[in-house]
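Here the structure is laid out as structure tokens; the discussion comes afterwards.
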Amino acid sequence: MAGLAESGSNPDVDLLYDINGLAKDAPPWFDRVMEFVGEYGLLLAIVLLVLWCWWSVRRRGAEDAATSVAALIWAPLAAGIAVLVNVPIRGFVERPRPFLDHQGLEVLVAGKTDYSFVSDHATIVMALAVGLFVANRKFGLVALVLAVFGGFIRVYMGVHYPTDVVGGFALGTAVALLLSPVAMALLTPVTRAVERSPRVGWLVRARGRGGVGDGSDAVVPGARSERGAGASERDLAA
């Protein structure tokens, strides 16, 4: 399978040259920017989106905060599991990096000696994006756009074939979606227990935003707080 894309007539290779050819026409400073964005920038941006979404969820303090936080925890876990699943896939396919089999590519990152299929970067960013989409569609859509752009940059940089990126997208999506029910069943009770904790409950729901221990709202919908009930009794006695 090492010769998965050795022919220049292969559409995968043709698309590789077309996209990577943009790097040859771009000024050097732009290629440096694309190199940073492709290696670190987009991954960091999606991680920051996950953290932003968590901050928004805990500040809003909705009744489903524990479920939302559990979904957000699943996003990076899904990315980690997807990368582990990719280890035997890479070893089985053994596809060399495109610049090892094809001449004339503009390679923006040197030192890539591992196998090419499936792209770890594409797998990670898509697993994070899909996991975030499960938790929050608004943040998730932004992350999905960034993930797709990140896959394009990997081809632009000359370090992956387009099918490496598509394979990474498929792997990240499959892990994030197929294992999501099991992950949520395991993580949601944990986040609910954290939410009830007087010490670390703020990690799930901000104090004063309907959190546990806040008399303005109880955990169970429709239940009155003890302080509110006492106040009502005093009002009736008066």
Side-chain angles (χ1 to χ4, degrees), residues 36-62 64-90 109 112 114-115 117-154 159-160 164-197 199-206:
F36 175 81
V37 171
E39 283 287 289
Y40 313 106
L42 287 175
L43 177 59
L44 177 60
I46 295 177
V47 169
L48 290 176
L49 276 176
V50 173
L51 293 175
W52 185 5
C53 186
W54 162 75
W55 185 260
S56 175
V57 166
R58 66 171 294 275
R59 284 193 63 190
R60 188 171 64 250
D64 62 345
T67 303
S68 297
V69 172
L72 290 172
I73 294 173
W74 169 236
L77 290 178
I81 293 173
V83 170
L84 292 178
V85 172
N86 189 30
V87 172
I89 294 176
R90 280 194 168 199
V109 180
K112 298 286 185 181
D114 55 341
Y115 293 125
F117 186 92
V118 175
S119 167
D120 275 339
H121 273 78
T123 301
I124 292 172
V125 295
M126 186 54 72
L128 281 171
V130 172
L132 182 55
F133 184 81
V134 171
N136 185 286
R137 289 188 178 182
K138 180 178 67 175
F139 283 93
L141 284 173
V142 176
L144 287 171
V145 172
L146 292 178
V148 171
F149 182 56
F152 171 84
I153 295 180
R154 301 303 293 177
V159 295
H160 280 295
D164 297 339
V165 171
V166 173
F169 287 166
L171 177 59
T173 300
V175 170
L177 289 183
L178 295 180
L179 298 183
S180 177
V182 176
M184 293 300 296
L186 296 174
L187 292 172
T188 302
V190 175
T191 55
R192 284 176 178 163
V194 171
E195 183 182 24
R196 293 192 295 267
S197 171
R199 291 188 177 182
V200 294
W202 61 270
L203 290 171
V204 176
R205 193 189 293 205

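Keep in mind the model is a prediction, meaning the values are calculated, not measured.
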Of all heavy-atom pairs between A143 and L132, which one has the smallest distance, and what is that distance?
CB-CD2, 3.8 Å

Using a 4.5 Å cut-off on heavy atoms from C-beta on, say whether the side chain of V194 contacts that of V69.
no

Tell me whether the rings of F36 and Y40 are parallel (<30°), tilted (30 to 60°) or perpendicular (>60°).
tilted

What is the distance from atom CG of L49 to atom CG of L141, rounded to the nearest 0.5 Å?
11.0 Å

Measure the spacing between CG of L179 and CG of L186 and express it to the nearest 0.5 Å.
10.5 Å

To the nearest 0.5 Å, how far apart are OG1 in T123 and CD1 in I89?
7.5 Å

Where do I46 and A147 come nearest, in terms of heavy atoms and distance?
CD1-N, 4.1 Å

Check for a donor-acceptor pair, side chain of T173 on one end and backbone N or O of A170 on the other, with a separation under 3.5 Å.
no

Can you see which heavy atom on A82 is nearest to which on G172, and at what distance?
CB-CA, 4.4 Å

Over all heavy atoms of both residues, which pair between A135 and A71 is shortest? Give the atoms and the distance, please.
CB-CB, 3.5 Å

Given the rule in the side-chain contact (heavy atoms from CB on, under 4.5 Å) test, do V165 and F169 qualify, once you have shown the distances and angles that lead to the verdict?
CA-CA 6 Å; V165 171; F169 287 166; 3.5 Å; yes

Distance col, row I73:CD1 vs M184:CE, nearest 0.5 angstrom, shows 9.0 Å

ring-ring contact (aromatic ring centres under 6.0 Å, His included): which pairs involve residues 123-147, sequence neighbours left out?
W52-F139

Given W74, which partner from the list V130, I81, V134 fulfils the side chain to side chain contact (heavy atoms under 4.5 Å, CB included) test?
I81

For I124 and V83, what are the C-alpha separation, side-chain angles and deciding distance, and is it a side-chain contact (heavy atoms from CB on, under 4.5 Å)?
CA-CA 7 Å; I124 292 172; V83 170; 3.3 Å; yes

Supply the atom-to-atom distance T67 OG1 to L72 CG, rounded to the nearest 0.5 angstrom.
11.0 Å

For L128 and L43, run side-chain contact (heavy atoms from CB on, under 4.5 Å): C-alpha distance rounded to whole Å, both residues' side-chain angles, the deciding distance at 0.1 Å, then the answer.
CA-CA 9 Å; L128 281 171; L43 177 59; 3.7 Å; yes

Give the minimum heavy-atom separation between R192 and A66, together with the two atoms involved.
CG-CB, 3.5 Å

Which atom pair, heavy atoms only, marks the closest approach of G131 to A176?
N-CB, 4.2 Å

Between R154 and D164, is a side-chain contact (heavy atoms from CB on, under 4.5 Å) present by the stated rule, with each step listed?
CA-CA 9 Å; R154 301 303 293 177; D164 297 339; over 6 Å; no

Distance from M126 atom CE to H121 atom NE2, nearest 0.5 Å?
14.0 Å

Tell me every residue that passes salt bridge (charged side-chain N to carboxylate O under 4.0 Å, His left out) with R90, counting only those two or more places apart in sequence or in another chain.
D114, D120

